[in-house]
Visitor: 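Shown below is the structure under consideration.
Chain A is the first sequence line, chain B the second, and so forth, proteins listed ahead of strands; every chain is numbered from 1.
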There are 2 protein chains.
Amino acid sequence: MHSEPDVAASRPVARRGRESETSKSALTRERILNAAAIVLNRNGYAGTRLSDIAAIAELQAPAIYYHFASRDELIQEVVQVGLRRTMNHVRKSLDALGPGARPMERILTAVGAHLEIVLRESEFAAAAIRNAAQLPPAIRDVQLLDQRRYGALWRTLVTEGIAEGEVSGDLDPWAARMLVIGALNWAPEWWREERGTLEDIVHTARLLVRQGLSPG
Amino acid sequence: MHSEPDVAASRPVARRGRESETSKSALTRERILNAAAIVLNRNGYAGTRLSDIAAIAELQAPAIYYHFASRDELIQEVVQVGLRRTMNHVRKSLDALGPGARPMERILTAVGAHLEIVLRESEFAAAAIRNAAQLPPAIRDVQLLDQRRYGALWRTLVTEGIAEGEVSGDLDPWAARMLVIGALNWAPEWWREERGTLEDIVHTARLLVRQGLSPG
DNA sequence: CCTACGATCTAATCTTCGTAAGAAAAAGGA
DNA sequence: TCCTTTTTCTTACGAAGATTAGATCGTAGG
């Protein structure tokens, strides 16, 4: 996650290589980014107005241009952060399992991690996932690489499951994977904290996926 | 925008209650509606421009106003048609089963029907489903009734399944239902005809759902 | 204090879009 | 042919929104 597109030239504030710049008013940058994630999540790509972002970030719209070269660059960064956080969270959860874990256990871990980040951890993740299809080509192309990476992660999980006989070979692996991920990705559309704890959802999702994928 | 004091007055063509006006140039109206579904599906609510719709429908943007009172009314109709077609198609498929069908068979039928309409039958259905969350309140409120109806249909299916012991009681019925519907609703994001027949997807989805919902 | 710079604001520009109003064209009687 | 009704186009306005330019404010360093 160190390579950034070469937009640096057009940005007033030069890219300082450090990550997580805690000091300064790069905090403002963070505020804008957060606000953008919220708006993007709520209104979609075309409905994301700089004025709305500015209102949430508590500044005037033009001030955004001090931190980002353009609206699209801002949105692109939101989406990128979202996808990367998702992948990192799922990866970390899998790593925590250790190497001895069975394939199905790994799949169920990924299911839980994906739900967690999409529903609770990160507005970014939800924004990135839900708007992927509506982004303009320029942004989508940049995303594609990360998206492929994440897809590959899941493909591996399923493949190993099949290899070890814990996932049914009757299923089309591709369709099965997409359907499962789809069920998780759709969750932000309906889940509200009021209607049940996240843990309950995760529990049900795991049950569903475990039985759904298992060989008859 | 929001004020709608005298919408009817500004519309030359009076509301004729009849459905499916085959004759006349209410065909134009149909063309516009179809075009709107396509654009809405691709670009989301905020990204749906009248000029794009007009381009696809092969007329000038202002001409749309002869057939619809406003942009929002057009979109609202697309979404309404979409949801209703979905519900009708699923209902019809269920009715075709006859009264003797087991609950699980009914659920799997609904799964297939929902996928069919979302992926093949109707651009309207996909547009309605995928944009539900981003619609402005005015439109969403009108939708709510139909949406509730459709939700109730599925709730009944699951409830009967549990009652007859064909669906696991360990699952949170609400979460399980939403996860299943979510998996289906997400399908338009990834499915392309090139990558496999619709029948294959339906087959995998049914397998997944049947095993997923069955009691351990 | 004063100065320089980082950060943000205000005001202005340019574009895109929804929408209004009326003209034109097509279709059809009388 | 002329009038009427239906249907579509043309032109124009006005609002919204992204972006730019220049002014302003606060603060750290001299």
Side-chain angles (χ1 to χ4, degrees), chain A residues 7 9-16 21-33 35-36 39-40 42-78 135-136 138-139, chain B residues 1-16 21-33 35-36 39-40 43-78 135-136 138-139:
Chain A
V7 269
S10 59
R11 189 181 322 150
V13 178
R15 250 266 168 281
R16 9 176 181 36
E21 192 106 7
T22 56
S23 58
K24 288 217 184 185
S25 276
L27 293 173
T28 303
R29 193 188 149 89
E30 212 65 21
R31 278 206 333 272
I32 296 173
L33 217 48
V39 176
L40 181 58
R42 196 167 34 227
N43 298 342
Y45 171 75
T48 297
R49 278 164 279 170
L50 292 185
S51 56
D52 289 347
I53 296 172
I56 296 178
E58 290 179 310
L59 42 69
Q60 301 300 316
I64 293 175
Y65 283 83
Y66 182 75
H67 303 274
F68 298 89
S70 71
R71 172 180 179 273
D72 271 13
E73 190 193 289
L74 168 56
I75 291 177
Q76 125 93 39
E77 184 156 340
V78 168
L135 296 175
I139 299 183
Chain B
M1 248 156 276
H2 305 291
S3 57
E4 66 284 74
D6 48 25
V7 232
S10 62
R11 190 186 320 153
V13 177
R15 253 258 169 288
R16 18 179 177 26
E21 192 106 10
T22 56
S23 57
K24 289 216 183 186
S25 276
L27 294 174
T28 303
R29 192 186 150 91
E30 212 65 22
R31 277 208 333 273
I32 296 173
L33 217 48
V39 177
L40 181 58
N43 297 342
Y45 171 75
T48 297
R49 278 167 268 153
L50 292 186
S51 55
D52 290 347
I53 296 173
I56 296 178
E58 291 178 308
L59 42 71
Q60 303 300 315
I64 293 175
Y65 281 82
Y66 179 74
H67 303 275
F68 298 89
S70 70
R71 173 179 179 273
D72 271 13
E73 190 193 288
L74 168 56
I75 291 178
Q76 124 93 39
E77 184 156 341
V78 169
L135 296 175
I139 298 182

Visitor: Closest approach of A:R29 and A:H67, non-hydrogen atoms and distance?
Guide: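 Closest heavy-atom pair between A:R29 and A:H67: NH1-O, 3.0 Å.
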
Visitor: I'd like to compare against my own output: the B/S/- annotation of nucleotides 8-14 of chain C with a strict under-4.0 Å heavy-atom distance to protein.
Guide: BSBB---

Visitor: Whole angstroms only, please: what is the CD1-C1' distance between B:I64 and C:dT19?
Guide: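 After rounding, the reported distance stands at 11 Å.
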
Visitor: Between atom OH in B:Y65 and atom P in C:dA21, what is the gap in whole Å?
Guide: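 Answer to the nearest Å: 13 Å.
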
Visitor: Please table the atom pairs, donor to acceptor, closer than 3.5 Å between any side-chain atom in residues 45-52 of chain A and protein atoms at least two apart or in another chain.
Guide:
from: A:Y45; atom 1: OH; to: A:R71; atom 2: NH1; distance (Å): 3.3
from: A:Y45; atom 1: OH; to: A:D72; atom 2: OD1; distance (Å): 2.7
from: A:Y45; atom 1: OH; to: A:D72; atom 2: OD2; distance (Å): 3.4
from: A:T48; atom 1: OG1; to: A:G44; atom 2: O; distance (Å): 2.6

Visitor: To the nearest Å, give me how far apart CG (A:L27) and P (C:dA7) are.
Guide: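 Answer to the nearest Å: 11 Å.
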
Visitor: Just verifying a value: how many Å separate B:Y66 OH and B:I32 CD1, rounded to the nearest 0.5 Å?
Guide: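 That separation rounds to 11.0 Å.
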
Visitor: Heavy-atom distance under 4.5 Å between the side chains of A:L59 and A:I64, does that happen here?
Guide: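 Contact flag for A:L59/A:I64 side chains = yes.
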
Visitor: Can you name the nearest heavy-atom pair linking A:I53 to A:A35, along with the distance?
Guide: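 Closest heavy-atom pair between A:I53 and A:A35: O-CB, 3.5 Å.
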
Visitor: Taking DNA chain D as the partner, which of residues 44-53 of chain A come within under 4.0 angstrom of it by heavy atom?
Guide: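 By residue number: A:T48, A:R49, A:L50, A:S51.
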
Visitor: Between atom CZ in A:F68 and atom C1' in D:dT19, what is the gap in whole Å?
Guide: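 So the two atoms are 16 Å apart, to the nearest Å.
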
Visitor: Whole angstroms only, please: what is the CZ-C1' distance between B:R71 and C:dC17?
Guide: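 To the nearest whole Å, that distance equals 9 Å.
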
Visitor: Roughly how far, to the nearest 0.5 Å, is CG of B:L33 from CD of B:E77?
Guide: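 Separation between the atoms: 5.0 Å.
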
Visitor: Taking all heavy atoms of A:A54 and all of A:Q60, pick out the closest pair and write down the distance.
Guide: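 In this case the closest contact between A:A54 and A:Q60 is CB-C, 3.8 Å.
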
